[in-house]
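Data first, discussion second: the structure below is written as structure tokens.
These numbers were taken from a predicted model, which means no experiment stands behind them. Lettering of chains follows the sequences in order, A, B, ..., and the numbering in each one begins at 1.
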Amino acid sequence: MKLYNTMTKKKEEFVPLEEGKVKMYVCGPTVYNFIHIGNARPMIVFDTARRYLEYKGYEVNFVSNFTDVDDKIIKKSVEEGVPAEEISERYIKECKKDMADMNVKEATTHPQATQEIDGMIDMIQTLMEKGYAYAVDGTVYFRTRKFDEYGKLSHKNLDDLRSGNRSLLVSGEDQKEDPLDFVLWKPKKEGEPYWVSPWGEGRPGWHIECSVMSKKYLGEEIDIHAGGEDLIFPHHENEIAQSECCNGKTFARYWLHNGFLNIDNRKMSKSLGNFFTVREIGEQYDLQVLRFFMLSAHYRSPINFSREIMESSKNALERIVTAVSNLKHLGEAAETMQLTDEEKSLLEEMRSFRTKFEEAMDDDLNTADAVSAIFELVKFANTNAGEKSSKEFVETVKTEIIRLSDILGLLVEKEEENLDGEIEKLIEERQAARKARDFKRADEIRDQLLAQGIILEDTREGVKWKRA
RNA sequence: GGCGCAGUAGCCAAGUGGUAAGGCAAUGGUCUGCAACACCAGUAUUCACCGGUUCAAAUCCGGUCUGCGCCUCCA
């Protein structure tokens, strides 16, 4: 399969370091609040990448961190008058709930920055010893210009950065040797969480966390490092500098970055007041709809979020769910078991959808095309499966739809749910009324149930219901 | 100022040289007591605009316009 590598700006054939295994690191959220739908994009996109790699037979060691020491967390803890730890623990829990609701698999390891401070101190010390870092008054800086390859990921050159951005030169910290140097360790301020280090009490800079956690759980050289496109510079650039200077090895071989999620064609941000949390969206929609929406475009393109598109996504996903549900009923009602010759050849034909699906995913995770393959399969199912179909045929087609959807993390099989007796009774009464051609009463009952959020559909296999 | 991305039907969106996938919405038809589901049909002679290369371009090259992002915490 091919993946677009930000480092080379090309789609490259993916070849893991170790055959059959993938070491993958995805930068996770800073846990100072509920995650927003922008945070959800890399989670969903790279979870899908992982699922597909697993489908291809790779054993994926998937690491995604929680940044639990940060200015924003400290700010929130001051506001609420509780320890920073309480804030981060709370939102890690909430984040995990949201991830589960979006059907994002748990990482192999979810490290937390505060649990890895020793490793950070070690790495900083090594960088000091090698001359890549220096300390001034309790702050440790990375000596950016000493790393020749700095800028190779974001394709920037240091002189452009200097001349292009005057504020960088002017801004504050004149104790730095060079304006481009960035912080590895910062001294504590009164009331802030801190750890003891050779440079005094303080806490790590943001970038060092990921370098250390990636190294500890995946090794010095990994296959895939991923995150939002805004992390390319400076975060990932700095990680590369730290890790490669410390370890003397290539840090990551493939750099994957997702595009942004916009609201009304503008970047979602607090200052614009245009952001939604995953939790809020979850109150209005099944989060499967959010997942479907995110997968309906290519992961590197920006996507625009709106209510209209959520409605459209909801209806589209419903089409797949309905098809699976119809196949299920057909399977239960099927009169014959064995495949007919005609069905055998139809199943041969059906393979083409999986082929299309795989070709799409092999081409830099083209989920939009993969989804369209599922829709073509749905159409195939709706057209070819009927009352006369054998049980085996119907089951095979159903399983195929579920299987392909599952690779994308989309759950399309509705869980069995029992209605309460009251409602069952009403449905039976309505059936009796219909039989007696008392359609007025029948419609009355249908409207009554609709008011309770239950939609009835009269199909050849009997009455079906679903939640509105 | 530097770097980069995008502009495909009402909406979303795939498609990087060979004659426009898929979905939503809307329309007509079949099915249905009605509705829903489903199916069928038609729906972009055309891919922001201008010019060029080519037998052939939405796809390549040059230019123009428009929108957006990064360069500072950010998914």
Side-chain angles (χ1 to χ4, degrees), chain A residues 6 9 11 26-30 35-46 67 70-72 151 154-157 159-168 171 206 226-235 237 257-262 265-271 275 292-293 296-298 300-304 306 308-320 322-323 325-326 329 356 360 363 366-379 381-386 433-434 437-440 442-443 446-447 450 455-461 463-466:
Chain A
T6 304
K9 297 179 164 179
K11 284 184 194 172
V26 180
C27 288
T30 301
I35 57 165
H36 59 238
I37 54 179
N39 292 307
R41 171 114 105 140
M43 290 176 183
I44 288 172
V45 158
F46 298 120
T67 294
D70 170 271
D71 288 341
K72 289 186 288 267
S154 52
H155 307 101
K156 295 177 188 302
N157 74 66
D159 297 319
D160 284 348
L161 284 173
R162 286 177 72 98
S163 60
N165 201 321
R166 309 187 80 205
S167 62
L168 206 61
S171 71
W206 176 40
E229 65 180 354
D230 57 329
L231 296 185
I232 296 171
F233 189 91
H235 185 54
E237 200 71 74
H257 294 99
N258 64 275
F260 259 66
L261 181 133
N262 298 324
N265 290 313
R266 305 225 116 218
K267 181 173 169 172
M268 191 168 72
S269 75
K270 281 210 164 158
S271 52
F275 82 98
F292 179 90
F293 157 64
S296 66
H298 190 89
R300 283 189 284 118
S301 310
I303 48 172
N304 203 33
S306 68
E308 189 188 7
I309 199 167
M310 282 298 283
E311 284 298 319
S312 161
S313 299
K314 181 184 170 192
N315 292 338
L317 181 60
E318 187 70 23
R319 179 170 158 86
I320 304 174
T322 302
S325 156
N326 286 342
H329 284 87
K356 181 181 171 182
D363 183 18
N366 190 336
T367 52
D369 255 359
V371 168
S372 84
I374 294 177
F375 277 110
E376 286 172 32
L377 174 59
V378 163
K379 177 129 182 173
N382 288 337
T383 312
N384 293 302
R434 287 182 70 213
R437 304 191 68 79
D438 179 2
F439 297 120
K440 191 174 167 235
D443 290 349
R446 187 166 61 193
D447 290 345
L450 181 62
I455 297 169
L456 293 186
E457 293 175 359
D458 303 319
T459 71
R460 289 186 192 82
E461 296 86 45
V463 189
K464 288 202 299 186
W465 65 272
K466 64 182 179 186

With sequence neighbours left out, write down each residue that passes side chain to side chain contact (heavy atoms under 4.5 Å, CB included) with A:Ser306, or none if nothing qualifies.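 Listed in chain order: A:Glu308, A:Ile309.
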
State the pairing partner of B:U59; accept Watson-Crick or G-U wobble contacts with both distances under 3.5 Å, and report none otherwise.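 Partner of B:U59: none.
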
Pairing nucleotide - B:U27, Watson-Crick or G-U, each distance under 3.5 Å: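 Checking every strand shown, B:U27 finds its partner in B:A41, with both distances under 3.5 Å.
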
Protein-nucleotide distance ([X], atom [atom1]; [N], atom [atom2]), rounded to Å:
| X | N | atom1 | atom2 | value |
| --- | --- | --- | --- | --- |
| A:Ile309 | B:G10 | CD1 | C1' | 14 Å |
| A:Glu229 | B:C5 | CD | P | 11 Å |
| A:Asp369 | B:U8 | CG | C1' | 14 Å |
| A:His155 | B:C5 | NE2 | C1' | 14 Å |
| A:His257 | B:C71 | NE2 | P | 13 Å |
| A:Asp71 | B:U72 | CG | P | 17 Å |
| A:Lys267 | B:C73 | NZ | P | 12 Å |
| A:Asn262 | B:A6 | CG | P | 14 Å |

Restricting both atoms to N or O, compile the protein contacts to nucleotides 22-25 of chain B shorter than 3.5 Å, with distance only.
from	atom 1	to	atom 2	distance (Å)
B:A25	OP1	A:Asn315	ND2	3.3

Short N/O separations, protein against nucleotides 30-33 of chain B, under 3.5 angstrom:
from	atom 1	to	atom 2	distance (Å)
B:C31	O2'	A:Arg460	NH2	3.2
B:G33	O6	A:Arg430	NH2	3.4
B:G33	O6	A:Arg434	NE	3.3
B:G33	N1	A:Asp443	OD1	3.0
B:G33	N2	A:Asp443	OD1	3.4
B:G33	N2	A:Asp443	OD2	2.6

Donor-acceptor pairs are to be reported for all side-chain atoms of residues 368-376 of chain A against protein atoms at under 3.5 Å, with residues two or more places apart or in another chain.
from	atom 1	to	atom 2	distance (Å)
A:Ser372	OG	A:Lys356	NZ	3.0
A:Ser372	OG	A:Asp369	O	2.9
A:Glu376	OE2	A:Lys356	NZ	2.7

Could you tell me which residues satisfy ring pair (Phe, Tyr, Trp, His ring centres under 6.0 Å) with A:Phe46, sequence neighbours excluded, listed by chain and number?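 Scan of A:Phe46 (ring pair (Phe, Tyr, Trp, His ring centres under 6.0 Å), adjacent residues dropped) gives none.
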
Residue list, ring pair (Phe, Tyr, Trp, His ring centres under 6.0 Å) with A:His36, at least two apart or on another chain: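 A:His36: no ring pair (Phe, Tyr, Trp, His ring centres under 6.0 Å) contacts found.
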
Categorize [X] for me: base, sugar-phosphate, or nothing, with a 4.0 angstrom heavy-atom threshold over every strand shown.
| X | result |
| --- | --- |
| A:Leu261 | base |
| A:His36 | base |
| A:Leu456 | base |

N/O (side chain, A:Asn366) to phosphate O (OP1/OP2, B:A14) under 4.0 Å: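 For A:Asn366, the contact criterion (side-chain N or O under 4.0 Å from OP1 or OP2 of B:A14) is not met.
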
Partner residues of A:Lys464 under the salt bridge (Lys or Arg N to Asp or Glu O under 4.0 Å) criterion, sequence neighbours left out: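 A:Lys464: no salt bridge (Lys or Arg N to Asp or Glu O under 4.0 Å) contacts found.
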
Among B:A38, B:A35, B:C12, which nucleotide has an atom closest to any side-chain atom of A:Asn382?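 Looking only at heavy atoms from C-beta outward on A:Asn382, the closest nucleotide is B:A38.
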
Residues which pass side chain to side chain donor-acceptor pair (under 3.5 Å) with A:Arg434, listed by chain and number, not counting sequence neighbours: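 With neighbours one apart ignored, the set is A:Gln431, A:Asp458.
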
List for me each residue that meets side chain to side chain donor-acceptor pair (under 3.5 Å) alongside A:Lys72, sequence neighbours excluded, and say none if there are none.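 For A:Lys72 there are no side chain to side chain donor-acceptor pair (under 3.5 Å) partners, ignoring immediate neighbours.
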
Under-4.0 Å salt bridge between A:Glu318 and A:Lys466: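 Yes.
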
If only atom types and distance count, is the side chain of A:Asn258 paired as donor or acceptor with the main-chain N or O of A:Gly228 below 3.5 Å?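 The answer is yes, because a donor-acceptor pair under 3.5 Å joins these two groups.
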
